[in-house]
Protein chains: 2
Amino acid sequence: MGQNLTIRVDPKGDRPPSEQIAAQVRFAIAAGVLEPGARLPSVRQLAVEALVNPNTVGKVWRDLEREGVLESRPGDGVFVAVAAPELCKEARDRELTARLGAWVNDARSAGLEERELRELFERALAPRRLRRVGERS
Amino acid sequence: MGQNLTIRVDPKGDRPPSEQIAAQVRFAIAAGVLEPGARLPSVRQLAVEALVNPNTVGKVWRDLEREGVLESRPGDGVFVAVAAPELCKEARDRELTARLGAWVNDARSAGLEERELRELFERALAPRRLRRVGERS
DNA sequence: TGGGCCGTCCTATCGTCCTAGGACAGTCGA
DNA sequence: TCGACTGTCCTAGGACGATAGGACGGCCCA
């Protein structure tokens, strides 16, 4: 594994580009795609790839450094910190739990029963796959 | 059932107040809390309750009228349209499906296995115990 | 040593959304 | 008819984030 990282930004998304980039970097580290010591793309390079302003990328690098996820060496580049995987896994679990909790909350307030929640969940897990009877969970 | 409607707005939420109000109204209609013909609170009254500007509420009422969910009678009030439940149930299912799909997508890209997704889901349905994802007991 | 890349910082500008306050016409009941 | 309500519309302003462009010093290597 290592420097295989592609950042995709939707400028019209409901979350600002800087947050989208930060989330994707954190998830890549949590997933092990980016390991401690790995070099991240330069602000100018990623800005071209993701079609955003270099300042936007720079802001993300600085924010993530303050979190302890990245390590910036001016004149050299930014790198994944040693403690990053731990931090990112925690942040990932926190965020995914919160989002799913909000989803369940909203779905219930919209009048859906638990059975319907499970149905939607199974469909989300296998959107284009027919469920097989007795499939092992 | 009927006029039992409380709107809660988080001014610091990631979604703007107008969308929060619109979503809650749509969900209430889909859930049957608001039935066709029911009167909604006036822009000024709801603005006080939800701590937002009357213009913000007015914008929501107008947007929902363009969707066919509400019916505005100037000088009288706004009311739930006849076709609203159908529209809102469709919108609800569409939104919940999209959000859950994005969640599954994100969780997978963050390195979580299907088993862990199911764990998180079960915990979100019944948040009794607190245990980290993938932690061995 | 010089050139090229690196992150950082600064100011200014733009767009979007909500806020603010006022003005208007329609509706209803006393 | 009058007054109190209703939704609608208008302009102005502020908060926030992204954008734009430039300038600075650090690092590496030919």
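Order of the sequence lines fixes the chain letters, A, B, ..., with proteins taken first and strands second; residue numbering starts at 1 for each chain.
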Name all residues meeting the side chain to side chain donor-acceptor pair (under 3.5 Å) criterion together with Gln24(A); count only those two or more places apart in sequence or in a different chain, and write none if there are none.
none

Are Arg118(B) and Glu114(B) ion-paired here, with the side-chain N under 4.0 Å from a carboxylate O?
yes

Hits for salt bridge (Lys or Arg N to Asp or Glu O under 4.0 Å) against Glu19(A), two or more places apart or cross-chain, chain-then-number order -> Arg15(A)

Using distance only, find each side-chain donor-acceptor pair of residues 60-73 of chain A under 3.5 Å and give its atom names and separation, not counting sequence neighbours.
unit_1	atom_1	unit_2	atom_2	d
Trp61(A)	NE1	Pro41(A)	O	3.3
Arg62(A)	NE	Gly58(A)	O	3.4
Asp63(A)	OD1	Arg66(A)	NH1	2.8
Asp63(A)	OD2	Lys59(A)	NZ	3.0
Glu65(A)	OE2	Ser72(A)	N	3.4
Glu67(A)	OE1	Arg26(A)	NH1	2.9
Glu67(A)	OE2	Arg26(A)	NH1	2.8

5' to 3', nucleotides 21-30 of chain D under a 4.0 Å protein heavy-atom cut-off (B base, S sugar-phosphate only, - none) gives B-B--BB---

Residues which pass side chain to side chain donor-acceptor pair (under 3.5 Å) with Glu49(B), listed by chain and number, not counting sequence neighbours
Gln45(B)

Euclidean distance, Leu100(A) CG relative to Leu117(B) CG, rounded to 0.5 Å:
9.5 Å

Which residues, if any, of residues 60-69 of chain B bring a heavy atom under 4.0 Å of DNA chain D?
Trp61(B), Arg62(B), Glu65(B)

Only counting residues at least two apart or in another chain, list the ones meeting side chain to side chain donor-acceptor pair (under 3.5 Å) with Glu116(A).
none

Looking at Asp76(B), I want to see if its CG is surrounded by more than 12 non-hydrogen atoms of other residues, nucleotides or ligands under 6.0 Å.
yes

Tell me, which of residues 11-28 of chain A have any heavy atom that sits under 4.0 Å from an atom in DNA chain D?
Pro16(A), Pro17(A), Ser18(A)

Please list, in 5' to 3' order, the outermost nucleotides of DNA chain C lying under 4.0 Å from any heavy atom of chain B.
dC17(C) to dT27(C)

Ser109(B) (side chain) donor-acceptor with Asp106(B) (main chain) under 3.5 angstrom:
yes

Sequence neighbours excluded, the answer for side-chain contact (heavy atoms from CB on, under 4.5 Å) partners of Ala23(A) is none

Qualifying residues under side chain to side chain donor-acceptor pair (under 3.5 Å), relative to Arg8(A), sequence neighbours excluded:
none

Which residue pairs pass the ring pair (Phe, Tyr, Trp, His ring centres under 6.0 Å) test with at least one member in residues 70-122 of chain B, sequence neighbours excluded?
Phe121(A)-Phe121(B)

